[in-house]
Amino acid sequence: MNLVKPQQSILSKQDSGKASLLDSGEDFEMLDDDEIDDDPPPLEDAGGGKKTKKEPAEDQDASPSSLVDEWMDILGNGQLRKKVLRAGNGPDSRPTKGQNVVIHLKTSLADGTLIEEQPELSFTLGDGDVIQALDLTVQLMEMGEKALVQADAKYAYGALGSLAPEVLPSADLALEVQLLDATEAPDLELLSPQERVALAGQKRERGNVYYQRGDYAFAVNSYGFALQITESSSKVDISPEEEEELMDIKVKCLNNMAAAQLKLDHYEAALRSCVSVLAHQPDNIKALFRKGKVLALQGEYAEAIRNLKMALKLEPSNKTIHSELSKLVKKHSEQKGAEQAMYKKMLGNPGSGGMQKHQAKSSWGVSWKWLFGATAVAIGGVALSVVIAARN
């Protein structure tokens, strides 16, 4: 069965400082700061591809001759171009996304300096297993075709560069690619448990590399593929130990996916990832911690504090949880104080209101008493006048 071979040289692991983002190479530390669709984020679309004239090719194997010197501007921005050096077996032989492909790859700097040569590089097309320049151009190649690809650093190893292969930061690349083979991806249901573990582990590691490079959308993409492998049904017998191994990879992928989704400010998606972890492992400290952070970012301070207290109970000596919990308690207190002040402003001051009512009542009481008194005096005066007049 043709499985994708692990790639050791496409996206390198970063220096030891970056490696600290991983917990023993297994899971991201929860110390890191900082709703994505479950569908993988697409690579930049080929957009039809424009052809432009350019200088003569280094390799003159192109046939027919009309292909020589023709460049295809794949993205229309001049930053990723492809030129056929040797024609393939026709458009119908082009591979499709999801297939496993094998290529012969020569990687050079823009000045022609050879970096490395890989006679049989295998990967799944469109899964983000390789740099974008390869993922985008190989799907436009015919079987047997040899092509030259000029890639801007943006579609290669970016501003960080790479350690293996050794590529300087922001270096443009020249790639000589020949498409050797394309086969359908294996049926996940028919894979043996160990094959599923290996394939899921490979996708997870790719996600870790993307995370370290700050490519969080691509990290989510790779973790998503790994989860599909761990969650697929199986027509092959699987032991409890193997189920546990797959579950372990699944939980790590969900935890790391939550970290990447937090970086992308996709709080609802991160919350779902944390909830999924806790459904399998209620005492998972990283999931409790990240769930608390997400809830705090959504303004749900009381629930966030509850989750962080649960995490702290499981690991009382964790200074990061202590610090985050202290900040949340303070914010929650400030929020409650602000709410109380707002309610008082809306309802008014009960004490002063009662006093004003009492003063108003007293004022009315004095007015009525004075009016009644004056009326009585007037009536009495009239009566007296009548009596005196009668006597006279």
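Between the side chains of Ser93 and Glu142, no donor-acceptor pair is found at a separation under 3.5 Å. Side-chain N/O atoms of Asn208 and Tyr210 include no donor and acceptor closer than 3.5 Å. Side-chain contact, His104 with Glu176: no donor N or O sits under 3.5 Å from an acceptor N or O. Side-chain contact check for Gln261 and Ser273: at least one donor-acceptor pair (N or O, by modelled atom type) lies under 3.5 Å. No side-chain donor-acceptor contact under 3.5 Å links Asn100 and Thr183.
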Q: Would you sort out whether Ser233 and Glu189 count as a side chain to side chain donor-acceptor pair (under 3.5 Å), showing the intermediate values?
A: CA-CA 6 Å; Ser233 58; Glu189 292 185 338; 2.7 Å; yes
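In this structure, the separation between CD1 on Ile103 and CD on Glu120 is 11.0 Å, given to the nearest 0.5 Å. One finds the CZ atom of Arg81 at 10.5 Å from the CD1 atom of Ile74 (value rounded to the nearest 0.5 Å). Remark: Tyr223 OH to Glu205 CD distance equals 8.5 Å, nearest 0.5 Å. To the nearest 0.5 Å, atom CG of residue Leu262 and atom SG of residue Cys274 are 6.5 Å apart. With values rounded to the nearest 0.5 angstrom, Asn255 atom CG is found 11.0 Å from Ile285 atom CD1.
Using a 4.0 Å cut-off between a side-chain N of Lys or Arg and a carboxylate O of Asp or Glu, Glu145 and Lys82 qualify as a salt bridge. Remark: Glu324 does not engage Lys293 in a salt bridge, criterion side-chain N to carboxylate O under 4.0 Å. Ionic pairing of Lys203 and Asp129 is present here: one or more N-O contacts between side-chain nitrogen and carboxylate oxygen are shorter than 4.0 angstrom.
At a threshold of 4.5 Å between non-hydrogen side-chain atoms, the residues Asp172 and Gln150 do not count as touching. Under the 4.5 Å side-chain criterion, counting only non-hydrogen atoms from C-beta, Gln202 is in contact with Leu199. In this structure the side chain of Thr320 reaches within 4.5 angstrom of the side chain of Phe289, judged on heavy atoms. Within the 4.5 Å cutoff, side-chain heavy atoms of Leu75 are placed close to those of Tyr155.
Residues satisfying the side-chain hydrogen bond (donor to acceptor under 3.5 Å, both in side chains) test with Gln298, not counting sequence neighbours, are Glu268.
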